[in-house]
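Some notes on the structure that comes next.
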Amino acid sequence: MASRPEVVAPPEIFYDDSEARKYTSSSRIVQIQATLSERALELLALPDDGIPKLLLDIGCGSGLSGETLTEDGHHWIGLDISASMLNVALEREVEGDLVLGDMGQGLGVRPGVIDGAISISAVQWLCNADKSSHNPRLRLKAFFTSLYKCLSNGARAVFQVYPENIDQRELILNAAMHAGFAGGIVVDFPHSSKRRKEFLVLTCGQRSVNSSVSKGKNEDGESCSDEDSEDEENQTVCISDRHRPRKKQKRNNKNGKGKEWILRKKEQMRRRGNAVPSDSKYTGRKRKDRF
Amino acid sequence: MRLLTHNMLSSNIKGVVNGFPLRIEAEKVAEKSVEMNREFLKKMFQKVHWKAFVDASRAMGYTELPEKADSSMLNSDEFLNRFHHALLELHLEEGALVCPETGRRFPVNKGIPNMLLPQEEVLLSIIIC
């Protein structure tokens with residue numbers, strides 16, 4: 001696994017001119033960011049009334065996530081600490097307004113005016129103490145309290161985060177709960193280490209009472225395939241078998257591992273988020289001899 | 001930076017009680033036309049702080065907005081056009097935002113306001129409080 005940028009340098013130094021350009025010119029990153037922001041927007045669950053909303057993009061970087069918001073017709077304000085990233089955003093002529101600022105110092109937005117906030121791969125940076133005066137706990141607190149203030153009643157905030165470990169996740173979640181948010185973590189592709197993505201879905205105010213946190217992708221409580229459904233007879237060995245020639249015992253495996261085994265394996269791969277061909281009547285069948 | 005964003009931003013210096021509105025010192029103002037959306041304007045009208053909005057548009061050199069406004073004016077096309085122009089089409093390119101309480105200047109370059117507070121300043125404001 002590639003090293004985490006968080007451990008290399010503070011964000012305003014790590015994302016310098018060359019790194020910012022590299023980041024935005026990598027088509028893989030652009031695609032990942034687009035899917036992440038689409039999913040975040042989906043989790044934001046904005047009312048479907050066709051009126052554009054005023055959204056906040058925290059850690060907007062070069063405006064990759066903002067582009068998704070623009071495509072959906074929303075107005076957005078982007079905040080980032082790296083001037084180089086914002087310069088790239090300017091070059092790409094993003095629609096939203098950009099602000100150079102540190103989310104750990106508070107957002108500096110008037111109370112109750114924002115309809116929703118998203119943040120893609122940014123909040124984990126707050127857990128670092130890059131300067132002697134930085135205290136992750138205080139910075140997280142400043143961030144979440146100012147965010148809670150500026151969101152309107154019933155608004156949601158969705159953060160896609162890469163926590164380094166369980167403690168870090170706990171730290172972020174606790175800070176959010178202390179600020180008054182309700183909500184939790186939605187995990188997409190929980191069985192895959194590569195595609196696993198965590199979204200922190202927070203609600204602010206009234207609507208939070210009856211709003212349930214949305215479900216993660218690919219974790220719809222599918223049946224845990226019973227492990228012991230294999231043919232019991234194949235496993236047991238009769239006493240008389242011991243004295244038989246070896247050859248005859250091997251015949252059981254002649255037809256491969258069997259359809260059930262294949263289906264179980266496919267299900268397992270699907271849960272990890274891999275691309276798996278769908279099941280059909282041909283699944284697990286033997287090919288014709290003439291093939 | 002549009003006036004929409006200006007109307008939402010406030011000074012985030014620690015200890016400042018009334019960090020809104022930030023005074024605009026405009027050096028260069030740009031205009032970019034965008035499509036009008038009535039529904040959005042009507043919704044934003046309730047959120048915009050009108051006094052601050054009028055003052056800001058004056059500082060940007062746009063004086064067509066009335067001193068006082070109420071929601072009944074939203075039915076007039078003329079008013080909506082002006083509101084739309086000031087809210088979404090005027091961009092502050094170069095200049096500064098000034099904190100009304102402490103007088104701290106936040107420079108605006110290429111349309112991006114720099115709201116970063118250097119570490120010494122944060123410490124200083126904590127000591128003062």
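Labels below follow one simple rule: chain letters A, B, ... track the order of the sequence lines, proteins then strands, and each chain is numbered from 1. All values reported here derive from a predicted model rather than from experimental measurement.
Proximity to chain B (any heavy atom under 4.5 Å) is shown, for Leu98(A), by both the backbone and the side chain. For a residue to count as touching a neighbouring chain, one of its non-hydrogen atoms must lie under 4.5 Å from one of that chain's; by this rule Leu86(A) touches chain B with backbone and side chain alike. Interface residue Asn37(B): only side-chain heavy atoms are found under 4.5 Å from chain A. When heavy atoms are compared at a cutoff of 4.5 Å, Val48(B) approaches chain A solely by way of its backbone atoms N, CA, C and O.
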Check step by step if side chain to side chain contact (heavy atoms under 4.5 Å, CB included) holds for Glu39(B) and Asp49(A). CA-CA 10 Å; Glu39(B) 296 305 313; Asp49(A) 49 9; over 6 Å; no
Are Leu116(B) and Ile81(A) close enough, and set up right, to give a side chain to side chain contact (heavy atoms under 4.5 Å, CB included), and what steps lead you there? CA-CA 8 Å; Leu116(B) 282 177; Ile81(A) 197 173; 3.9 Å; yes
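To the nearest 0.5 angstrom, Asp115(A) atom CG is 7.5 Å from Met44(B) atom CE. Note that the NE2 atom of His75(A) and the OG1 atom of Thr5(B) stand 10.0 Å from one another [nearest 0.5 Å]. Remark: Asn109(B) CG to Leu100(A) CG distance equals 9.5 Å, nearest 0.5 Å. Between the CG atom of Leu4(B) and the CG atom of Asp97(A) there is a distance of 7.0 Å, given to the nearest 0.5 Å. In this structure, the separation between CD on Glu95(A) and CG on Leu88(B) is 10.5 Å, given to the nearest 0.5 Å.
The two residues Lys53(A) and Lys43(B) come nearest to each other via the heavy atoms CD-NZ, 3.6 Å. Considering every non-hydrogen atom in both Phe40(B) and Leu54(A), the closest pair reads CE1-N, 4.4 Å. Taking each heavy atom of Val99(A) and Met115(B) in turn, the nearest pair found is CG1-CG, 3.5 Å.
Residues Ile51(A) and Lys42(B) form no side-chain contact, since every pair of their non-hydrogen atoms from C-beta on lies 4.5 Å or further apart.
Here the side chain of Arg110(A) pairs a donor or acceptor atom with the backbone of Asn7(B) at under 3.5 angstrom.
For the set Gly112(A), Gly108(A), Ser152(A), Ala89(A), the count of heavy-atom pairs under 4.5 angstrom toward chain B peaks at Gly108(A).
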